[in-house]
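Structure first, then comments.
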Amino acid sequence: MENYLKLYAFCIPVRGKDRSLICDLQRCNMKFIPNSMLDLIEKISCSPIDDVVKCYGNNNRETVFSYIYFLLDNNLAFYTCEPSAFPELDLSYLSSQHISSAVIEYNGGGFDLYGLIDQLDDLICAYVELRVELTDIFSLPDLHNVLNRLDQTTTRSVILAIKYSDLISLGDLYSLTTTFKKLEAVVWYSCPDFIHSEQNSVRVMNKSINELESSDRNKYIVDVDYFTEALKYNPYYNKKVCINSEGEVKNCLHHKKSFGHVGVNPLEQIISSREFQKLWYASHDRIIGVMDLETRYNIIIMDDLIDLGDGTFEINKTGSSNKSIIAISHTNNLIYENDIH
């Protein structure tokens with residue numbers, strides 16, 4: 001019987017302009033390969049190995065077998081006489097949420113926060129990033145009430161970003177993480193240098209909220225859900241809604257464009273509009289400068305995007321880079337280029 005070489009189902013090859021990549025979604029690993037190796041993989045997956053070796057000729061025999069041994073040695077592929085017995089991985093992306101994540105900026109006024117939480121609950125919102133600043137009109141007991149309301153919703157987890165002030169202590173923050181079951185983490189920003197947290201659930205930052213990390217093209221996400229979402233959607237913008245302190249609904253807090261006010265328009269009506277959802281479909285295959293990267297399904301693009309009107313987008317290089325704590329906080333499958341061998 002004729003032998004074939006087949007990649008394991010979770011090992012997905014992606015072609016780039018200058019090189020290619022095999023993304024191992026099961027073991028959360030990546031291997032950069034030359035485009036010529038991907039050419040071989042495409043041929044050898046549907047033709048017997050002997051036929052492919054003959055096709056390349058004697059002059060390329062050593063290179064062909066070096067590629068084959070590389071795939072085998074790295075547990076990326078296997079020999080089989082029945083390639084049809086091993087179907088490809090289903091890469092379709094399914095999500096039951098109308099909104100998967102929400103970023104809420106609140107300082108005590110501008111809109112009914114409890115009413116917004118109820119609307120997000122109706123939309124089956126999974127993740128909430130709550131950015132607050134304690135004031136005379138929004139105190140620590142008020143924050144307790146808000147977190148308690150979130151605990152009663154279908155929301156899976158909450159990340160709290162709170163500005164440093166004398167109205168709350170590090171001990172208060174520790175208490176919040178043990179009191180409220182859905183509070184996953186707290187970021188206390190703009191803190192003095194002498195404050196240090198001894199708990200992983202409370203992150204103390206000396207920087208402002210606007211200095212949170214932005215897009216990092218050398219940080220890769222190796223995750224089945226993220227990969228499949230990135231094939232069709234933009235994972236940063238898809239099913240995400242942001243509400244600023246004035247109650248304006250946006251794709252991102254840093255964007256100027258507002259699609260309505262939560263106190264005037266039902267949130268479901270706003271997020272259902274084609275205009276609001278436009279960036280949801282700005283997949284990485286449609287972004288100039290990203291579409292040719294072999295890592296395009298493993299990176300997060302937080303930049304402002306310009307719609308070119310022909311189905312493609314480009315990164316607004318003059319605009320500010322977006323920041324979000326929640327953007328990559330719900331996957332631990334992060335690796336850096338220097339860690340890839």
Side-chain angles (χ1 to χ4, degrees), residues 3-16 19-33 35 37-49 52 67-68 70-72 74-101 123-127 154 156-157 219-240 277 279-287 290-301 311 327-335 340:
N3 250 343
Y4 295 78
L5 188 74
K6 190 170 180 65
L7 292 182
Y8 287 104
F10 277 93
C11 296
I12 312 297
V14 182
R15 183 182 295 275
R19 62 180 178 178
S20 293
L21 169 74
I22 297 178
C23 186
D24 188 337
L25 297 174
Q26 186 172 45
R27 285 170 290 192
C28 303
N29 197 8
M30 301 164 65
K31 291 289 183 182
F32 292 111
I33 61 173
N35 285 337
M37 186 183 293
L38 183 52
D39 293 337
L40 173 70
I41 291 171
E42 291 172 348
K43 290 182 173 67
I44 217 164
S45 62
C46 56
S47 300
I49 294 174
V52 173
Y67 286 169
I68 291 174
F70 172 87
L71 295 171
L72 293 171
N74 285 282
N75 293 315
L76 301 171
F78 60 97
Y79 289 123
T80 179
C81 297
E82 300 181 80
S84 60
F86 302 93
E88 304 295 325
L89 182 68
D90 182 4
L91 294 176
S92 57
Y93 175 76
L94 299 174
S95 174
S96 60
Q97 292 99 7
H98 299 287
I99 284 292
S100 61
S101 65
L123 295 170
I124 324 177
C125 180
Y127 306 107
T154 57
R156 296 181 195 171
S157 71
K219 179 184 289 182
Y220 302 123
I221 302 172
V222 188
D223 178 84
V224 175
D225 290 337
Y226 190 90
F227 189 95
T228 54
E229 184 178 12
L231 289 171
K232 186 176 180 181
Y233 304 99
N234 185 303
Y236 178 73
Y237 289 109
N238 185 40
K239 296 195 174 186
K240 174 183 176 181
Q277 293 185 9
L279 292 182
W280 294 10
Y281 296 92
S283 68
H284 296 179
D285 281 326
R286 300 172 66 185
I287 302 175
V290 177
M291 60 176 68
D292 293 329
L293 297 176
E294 69 281 357
T295 56
R296 57 189 177 274
Y297 307 129
N298 304 99
I299 57 176
I300 186 164
I301 304 296
I328 57 173
S329 63
H330 297 289
T331 175
N332 295 319
N333 303 329
L334 296 175
I335 58 177
I340 302 172

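Numbering of residues begins at 1 and proceeds along the displayed sequence.
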Point-to-point distance, once rounded to the nearest 0.5 Å, from [atom1] of [X] to [atom2] of [Y]:
| X | Y | atom1 | atom2 | answer |
| --- | --- | --- | --- | --- |
| S101 | R156 | OG | CZ | 11.5 Å |
| N234 | I300 | CG | CD1 | 8.0 Å |
| K232 | Y93 | NZ | OH | 11.0 Å |
| I221 | C28 | CD1 | SG | 11.5 Å |
| T228 | Y233 | OG1 | OH | 10.0 Å |
| Y237 | S283 | OH | OG | 14.0 Å |

Would you mind reporting whether Y79 and L72 have side-chain heavy atoms less than 4.5 Å apart?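 SC-SC contact between L72 and Y79 confirmed.
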Heavy-atom side-chain contact between L25 and F10 under 4.5 Å: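 A side-chain contact exists here, since the closest heavy-atom pair is under 4.5 Å.
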Would you please name every residue forming a salt bridge (charged side-chain N to carboxylate O under 4.0 Å, His left out) with D225, sequence neighbours left out?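 D225 satisfies salt bridge (charged side-chain N to carboxylate O under 4.0 Å, His left out) with no residue once adjacent residues are dropped.
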Check this for me, if you would: do E82 and K6 make a salt bridge, where the nitrogen-to-carboxylate-oxygen distance has to be below 4.0 angstrom?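 K6 and E82: not salt-bridged.
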For the pair E42 and R15, find out whether any cationic side-chain nitrogen is under 4.0 Å from an anionic carboxylate oxygen.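 A salt bridge links E42 with R15.
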How close do L76 and D24 get, counting heavy atoms only, and between which atoms?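 Heavy-atom minimum between the residues: CD2-OD2, 4.4 Å.
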Taking I22 as the fixed residue, which of L71, I12, N29 is the one that meets the side chain to side chain contact (heavy atoms under 4.5 Å, CB included) rule?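 Of the listed options, the one satisfying the test is L71.
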Check the orientation of F227 and Y297. Use parallel for under 30°, tilted for 30 to 60°, and perpendicular for over 60°.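 Judged by the thresholds at 30° and 60°, the geometry between F227 and Y297 is perpendicular.
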